[in-house]
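Structure record follows, encoded as structure tokens.
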2 protein chains.
Amino acid sequence: MAPTYTMAGGEGPNSYSQHSTYQRALLEVAKAKINGAISSKLDINLDLNRFNIADFGCSTGPNTFLAVQSIIDAVEQKYPKETQDENIEFQVLFNDHSNNDFNTLFKTLPSTKKYFVSGVPGSFFGRVLPRDSLHVGHCSYSLHWLSQVPKGITDKNSPAWNKDIHCTGFSKEVVEAYHNQFMIDMGSFLKARGEELVSGGLLFLLGSCLPDGVKMSETMKGMLLDFMGKCLHDVAKEGLIDQEELDSFNFPIYPAHVAEFKKVIEENGNFTIEAFEKISHANEEFPLDPNFLATSHKVSFGGVLESRFGKEAMEKTMELIEEKCPKILPQLASAKSGMQYFIMLRRN
Amino acid sequence: MAPTYTMAGGEGPNSYSQHSTYQRALLEVAKAKINGAISSKLDINLDLNRFNIADFGCSTGPNTFLAVQSIIDAVEQKYPKETQDENIEFQVLFNDHSNNDFNTLFKTLPSTKKYFVSGVPGSFFGRVLPRDSLHVGHCSYSLHWLSQVPKGITDKNSPAWNKDIHCTGFSKEVVEAYHNQFMIDMGSFLKARGEELVSGGLLFLLGSCLPDGVKMSETMKGMLLDFMGKCLHDVAKEGLIDQEELDSFNFPIYPAHVAEFKKVIEENGNFTIEAFEKISHANEEFPLDPNFLATSHKVSFGGVLESRFGKEAMEKTMELIEEKCPKILPQLASAKSGMQYFIMLRRN
């Protein structure tokens, strides 16, 4: 079975729900774009007065609530109540892996919400909703997670074996293995959404990618992943992690290049690219603060590391990250920019 | 805010999912009836090849999975694949309070399921699904829970004050207060389902009620509730529960009489009663075994008692129930029969 990666649940200080300001800043910038897009590009049959919105990879909130509310506000503006025979009823489908903390999601729903709520468990690389049932889909900061670490990457005898944690050691074979996995996964994502979305429906994709020509290892995120890899190796040297096991460990993460995104969308053929833009916001890159960086790593990667190497090794790694972080700040400051993308696709 | 009552979550030895054999036996008997009903009475427009099934008050499984599978099997038998242009896609909406353990529900979904899954948090006394979006609804062993303990019942200065835990002390006013609350709640349930179900859709209701003329206190379930009340009083005498607090404590439980059910359905006016039957099964009444009875009480009522009186008092009460149970077995053996109902309603 493919492993699944979910963010830290609950509402505690190390939970995803308390540490998602980075993504939230992007959402706020995207709100205006979503509003404009729905106003000018949404063209669907609303005979049933029912409007279904899905957030794919919703995690536990609160960002998912902001995102869907942006969409609802825009739809209500496009179809004013006074022009409708019956009020439009909204249903929001919150999708994430079945081991996502839906209990927390459901307990923290906004009390002001005016929509029907539905939690949809399952991998968004496959179908999770009925055919032609979705009007607007949304997916934020989720598509850099692959469905699995590509085959060969963790196999000592494969030419694509990647002994390092992630990106500095990228050989041609490693790059190809990650690229192929992305094309498969993103292709599956688009195939499923193509079946779920009604004709004329919209799909908004937001997240981190790479400008063409920029390598992951040249960006701050790549450097930080490498840095976490070094810290894990230090912990292995102390004996808390088995070196052999670490050598076969990699994250299923791949920030694709713009050209790769465009290619897989074109290959799918069901969607028209209405927008593919770089967007900027105040929190575009991580703040260069050791404590913030350590906590961010813990929230995003702590669960995976703990389940693989145990709690003690995970916590030691996080301590090292915080301790050694000041040393890499100058390097981080010289990183090339990644790219925050806003993609709008219309179902043909 | 009205309190909400959910069954013990998780998968441990005291969880609902391990102790729902009683309800399951009813479901198995109901399967044949559901099959016949769908075959002869379901008459809906299936243009979209999409079929939505909801289980209201689903808890954590596995009974809910059996129930919805019965419905799917029957629909597939009625509309054979070879007669359809496109396969019918099923979506199952699992509804329960937002504090239900949906995480466990989602982690224990049958691996063989051939339907899209949706968890719908919220009280079924209000709308939880979009208008005209549901083809078949199901509700099993949930409608004896009221939305709240009726007003006055817990108020020392009200004529409807019920000092006892539940039913032996029923005065005219107490009976009236419970009856009124049931009519309000069941009325709300039917109003919401009437809006959610498509015309021709079916609603299956299963559970425990009372034959007309039989008092709750004359049935085994009534006797057991009274008995639990006595045990709680004993625990209060030992000082583990505050007597004042116990005097104002009641369960929001009301097994309605057949005539009350029929009246509220007729008053709603949206449904035709296609069946209202007494059904029998091997586990019709609880087995007269002290250990089983104690565990059943713990699973069903332990959570409420613990949150109200604390863990120690709850556990002491359960110990007393097991210890004293043999003494009331002769009384239980002489109880009048309650009734397990199978109601089928068709949306006009």
Side-chain angles (χ1 to χ4, degrees), chain A residues 1 4 6 9-10 45-54 58 60-61 85-111 113-123 126-135 192 195-196 198, chain B residues 1 4 6 9-10 45-54 58 60 85-111 113-124 126-135 192 195-196 198:
Chain A
M1 210 177 72
T4 57
T6 48
N45 178 349
L46 265 186
D47 280 354
L48 291 171
N49 283 307
R50 201 185 304 157
F51 199 100
N52 292 342
I53 297 163
C58 63
T60 55
D85 295 338
E86 251 184 329
N87 282 349
I88 297 174
E89 292 193 339
F90 292 94
Q91 184 174 39
V92 175
L93 305 127
F94 294 100
N95 161 258
D96 211 318
H97 287 295
S98 56
N99 62 353
N100 182 53
D101 186 357
F102 283 95
N103 287 353
T104 292
L105 182 81
F106 289 165
K107 281 173 195 157
T108 56
L109 287 164
S111 57
K113 71 175 168 51
K114 287 182 184 160
Y115 48 82
F116 297 109
V117 172
S118 172
V120 177
S123 163
R127 284 278 302 283
V128 291
L129 298 174
R131 204 188 289 127
D132 295 331
S133 69
L134 182 62
H135 300 100
E195 290 170 8
E196 293 164 355
V198 300
Chain B
M1 209 179 74
T4 56
T6 47
N45 178 348
L46 265 186
D47 280 354
L48 291 171
N49 282 308
R50 200 185 304 157
F51 199 99
N52 291 344
I53 297 163
C58 63
T60 54
D85 293 338
E86 251 184 328
N87 281 349
I88 296 174
E89 292 192 339
F90 291 93
Q91 184 174 38
V92 175
L93 305 127
F94 294 100
N95 161 258
D96 211 318
H97 287 295
S98 56
N99 62 353
N100 182 53
D101 186 357
F102 282 95
N103 287 353
T104 293
L105 182 80
F106 289 165
K107 280 172 196 157
T108 55
L109 288 164
S111 58
K113 71 175 169 52
K114 288 183 184 158
Y115 49 81
F116 296 110
V117 172
S118 173
V120 177
S123 163
F124 59 43
R127 285 278 302 283
V128 291
L129 298 174
R131 205 188 287 129
D132 295 331
S133 69
L134 183 62
H135 301 100
E195 289 170 8
E196 293 163 357
V198 300

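Worth saying up front: this structure is predicted, and the values here are computed from it rather than measured. Labels below follow one simple rule: chain letters A, B, ... track the order of the sequence lines, proteins then strands, and each chain is numbered from 1.
With a 4.5 Å cut-off on non-hydrogen atoms, B:Leu105 does not touch chain A at all. Looking at B:Asn95, there are no atoms closer than 4.5 Å to chain A (heavy atoms on both sides), in backbone or side chain.
Ranked by non-hydrogen atom pairs under 4.5 Å with chain A, the options B:Pro121, B:Ser118, B:Ser98 are led by B:Pro121.
The shortest distance between side-chain heavy atoms of A:Leu129 and A:Val120 falls below 4.5 Å.
Here the CZ atom belonging to B:Phe106 is positioned 12.0 Å from the CG atom belonging to A:Asn99, to the nearest 0.5 angstrom.
Under the rule for a side-chain contact (heavy atoms from CB on, under 4.5 Å), the partners of A:Asn49 that lie at least two apart in sequence or sit in another chain are A:Gln84, A:Glu86, A:Ile88, B:Arg131. Residues meeting the ring pair (Phe, Tyr, Trp, His ring centres under 6.0 Å) test with B:Phe90, sequence neighbours left out: B:Phe51.
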